[in-house]
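Here's the structure, in structure tokens; my notes come after.
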Amino acid sequence: EITLLLLLWLLHFSSVYSDITDGNAEHLKREHSLIKPYQGVGTSPSSQWDFWGSTLITSQYVRLTPDERSKQGSIWNTVPCYLKDWEMHVQFKIHGSGKKNLHGDGFAIWYTKDRLHHGTVFGSSASFLGLAIFIDTYPNDEAPDRSFPYISAMVNNGSLPYDHRKDGRSTELGGCSVEVRNKDHDTYLAIRYSKGRLTIMVDVDDRNDWKECIDFGGVRLPTGYYFGASAATGDLSDNHDIISMKMYQLMVEHTPEEDNQDWTKIEPSVSLLKSPKDNIDDPTGNFRSTPLTGWKVFLLLLCALLGIVVCAVVGAVVFQKRQERNKRFY
């Protein structure tokens, strides 16, 4: 019975981490969502999304940059988000005529205090307050230990600028390499923030299956910031298209102390055993003192379960041998 209970709990645990979202339409927050045919986009006072630069709005996609050199574009939600726990699904498409390593630069998803601040980091400012998710398609650093496209996350209180020349290695929380260019099928990115935990998942293989990219605890983000997306090209280029950005509210219980806190006054931060500045000399570009991710815990539990099963089988065999030996004495 104990083994069966452990197995059921393990299956439940693994399902939570393998399927990040429930896609519940009841919790879709339309004021923070960008959905076809993009009727809420424009410069009118009633618009919920505003855009800048090379951004082109069509009935099928929002093109942040065309496949042309030296372009920058962005689109920003005009409504500040006051949700404490949320999940953003981004359907995107990166495509162009450039061959391997001859395309760029990528795009970013933002949750920041300021909006429409243009700059050198994928079309937006390098110094920001909030959260940024970078989908970087060109290796500026050209280090051999990671492949591109590369997805990374950064939380900033405005004191650490993103170093584009080093692909943001010194300030990233973590990341993963994902093939997302010139796909014939839909590609998705999911960003979940709940109870101080940031989780990034991707679905890019046309299997309707989320794969974990980043899972990091101790993240503090305020409410009242803005969601946005931006992209840029340089000497190399790509089409950077946003098909949709869907925001879901997560129904999560908080303690009375958390509910009474003024979440708009929280400073963006991450609880680390070392400062992001200390990460500069780490050749892997990743924090050493990161907590166990969901998959690591899952594997540990799986090994423990297998050990229990093996012990149970061995015990049953030994018990059967003893029973057969006792029968000889009757």
Side-chain angles (χ1 to χ4, degrees), residues 52-56 61-75 88-110 118-126 128 131-154 161-191 200-206 211-214 228-245 284-286:
W52 167 85
S54 61
T55 302
L56 173 67
Y61 56 81
V62 175
R63 178 156 294 169
L64 300 175
T65 69
D67 189 2
E68 300 174 10
R69 293 182 178 181
S70 304
K71 298 293 183 180
Q72 292 185 351
S74 64
I75 187 164
M88 172 71 80
H89 294 194
V90 182
Q91 181 182 355
F92 64 95
K93 188 174 182 64
I94 303 176
H95 56 108
S97 58
K99 304 301 181 182
K100 183 176 177 61
N101 294 333
L102 294 177
H103 49 78
D105 284 326
F107 75 97
I109 302 296
W110 306 89
H118 324 311
T120 58
V121 179
F122 303 99
S124 290
S125 175
F128 60 93
L131 168 69
I133 310 298
F134 303 111
I135 298 86
D136 194 347
T137 59
Y138 182 77
N140 294 287
D141 192 20
E142 296 185 354
D145 61 332
R146 67 172 54 169
S147 60
F148 283 71
Y150 188 82
I151 298 176
S152 63
M154 175 181 176
Y162 177 88
D163 188 354
H164 204 26
R165 297 172 302 172
K166 297 293 184 179
D167 300 317
R169 283 172 175 260
S170 62
T171 52
E172 70 175 33
L173 295 181
C176 63
S177 299
V178 183
E179 289 295 334
V180 295
R181 284 192 74 250
N182 288 337
K183 295 289 187 179
D184 295 330
H185 52 262
D186 297 334
T187 48
Y188 298 89
L189 175 75
I191 308 165
I200 312 296
M201 304 283 282
V202 293
D203 180 6
V204 299
D205 296 324
D206 199 24
K211 293 183 178 179
E212 183 180 293
C213 177
I214 300 170
S230 68
T233 64
D235 292 335
L236 303 174
S237 62
D238 255 339
N239 296 300
H240 297 98
D241 298 343
I242 300 294
I243 312 301
S244 66
M245 296 175 65
T284 64
N286 295 312

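Atoms considered below: every heavy atom in the structure, side chains included; atoms not considered: hydrogens, waters and symmetry mates. Heads up: numbering here begins at 1 and tracks the sequence.
Counting heavy atoms from C-beta outward, Asp163 and Thr171 have side chains that stay 4.5 Å or more apart. Between Ser244 and Val90, the closest side-chain pair of non-hydrogen atoms is not below 4.5 Å. Using a 4.5 Å heavy-atom threshold, the side chains of Asp186 and Ile243 count as separate. Side-chain contact between Lys211 and Asp205 is present, with heavy atoms from C-beta onward closer than 4.5 Å. Using a 4.5 Å heavy-atom threshold, the side chains of Glu172 and Met154 count as separate. Counting only heavy atoms from C-beta outward, the side chains of Asp167 and Tyr150 never approach each other to under 4.5 Å. Between Phe107 and Asp238, the closest side-chain pair of non-hydrogen atoms is not below 4.5 Å. Residues Gln72 and Trp52 have side chains in contact (heavy-atom distance under 4.5 Å, counting atoms from C-beta outward).
Distance check, rounded to the nearest 0.5 Å: CD of Glu212 to CD1 of Ile200 gives 10.0 Å. Put simply, CG on Asp184 and CG on Asp206 are 9.5 Å apart, with the number rounded to the nearest 0.5 Å. Distance check, rounded to the nearest 0.5 Å: CD1 of Ile242 to CD of Gln91 gives 9.5 Å. Rounding to the nearest 0.5 Å places CE of Met245 at 8.0 Å from CD1 of Ile75. Taken to the nearest 0.5 Å, the CE atom of Met201 stands 11.5 Å off from the CD1 atom of Ile214.
Side chain of Asp105 to backbone of Leu236: no donor-acceptor contact under 3.5 angstrom is found. Looking at Ser177, its side chain does come within 3.5 Å of a backbone N or O of Ser147 through a donor-acceptor pair.
Closest approach of Arg181 to His95, counting heavy atoms only: NH2-C, 4.5 Å. Smallest separation of non-hydrogen atoms from Gly98 and His103: O-CD2, 4.3 Å. Considering all non-hydrogen atoms of both residues, Ser230 and Ser124 come closest at OG-OG, 3.2 Å. The minimum heavy-atom distance between His240 and Ala232, with the atom names listed, is CE1-O, 3.8 Å. Among all heavy-atom pairs drawn from Tyr162 and Val121, the shortest one is CD2-CG1, 3.5 Å. Nearest heavy-atom pair, Thr65 versus Lys71, reported as atom, atom and distance to 0.1 Å: CG2-O, 3.9 Å.
No hydrogens or angles considered: nothing links the side chains of Asp136 and Ser152 as a donor-acceptor pair under 3.5 Å.
A salt bridge links Arg169 with Asp145: at least one charged nitrogen is closer than 4.0 Å to a carboxylate oxygen.
Phe122 pairs with exactly one of Phe134, Phe128, Tyr138 by the ring-ring contact (aromatic ring centres under 6.0 Å, His included) rule, that one being Phe134.
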_Would Thr137 and Phe148 count as a side chain to side chain contact (heavy atoms under 4.5 Å, CB included) here? Give the steps._
CA-CA 6 Å; Thr137 59; Phe148 283 71; 6.0 Å; no
_With side chain to side chain contact (heavy atoms under 4.5 Å, CB included) as the criterion, how do Thr55 and Leu64 come out once you've worked through the C-alpha distance, each side chain's angles and the decisive distance to 0.1 Å?_
CA-CA 4 Å; Thr55 302; Leu64 300 175; 4.0 Å; yes
*Could you walk me through whether Tyr61 and Asn239 pass the side chain to side chain contact (heavy atoms under 4.5 Å, CB included) check?*
CA-CA 11 Å; Tyr61 56 81; Asn239 296 300; over 6 Å; no
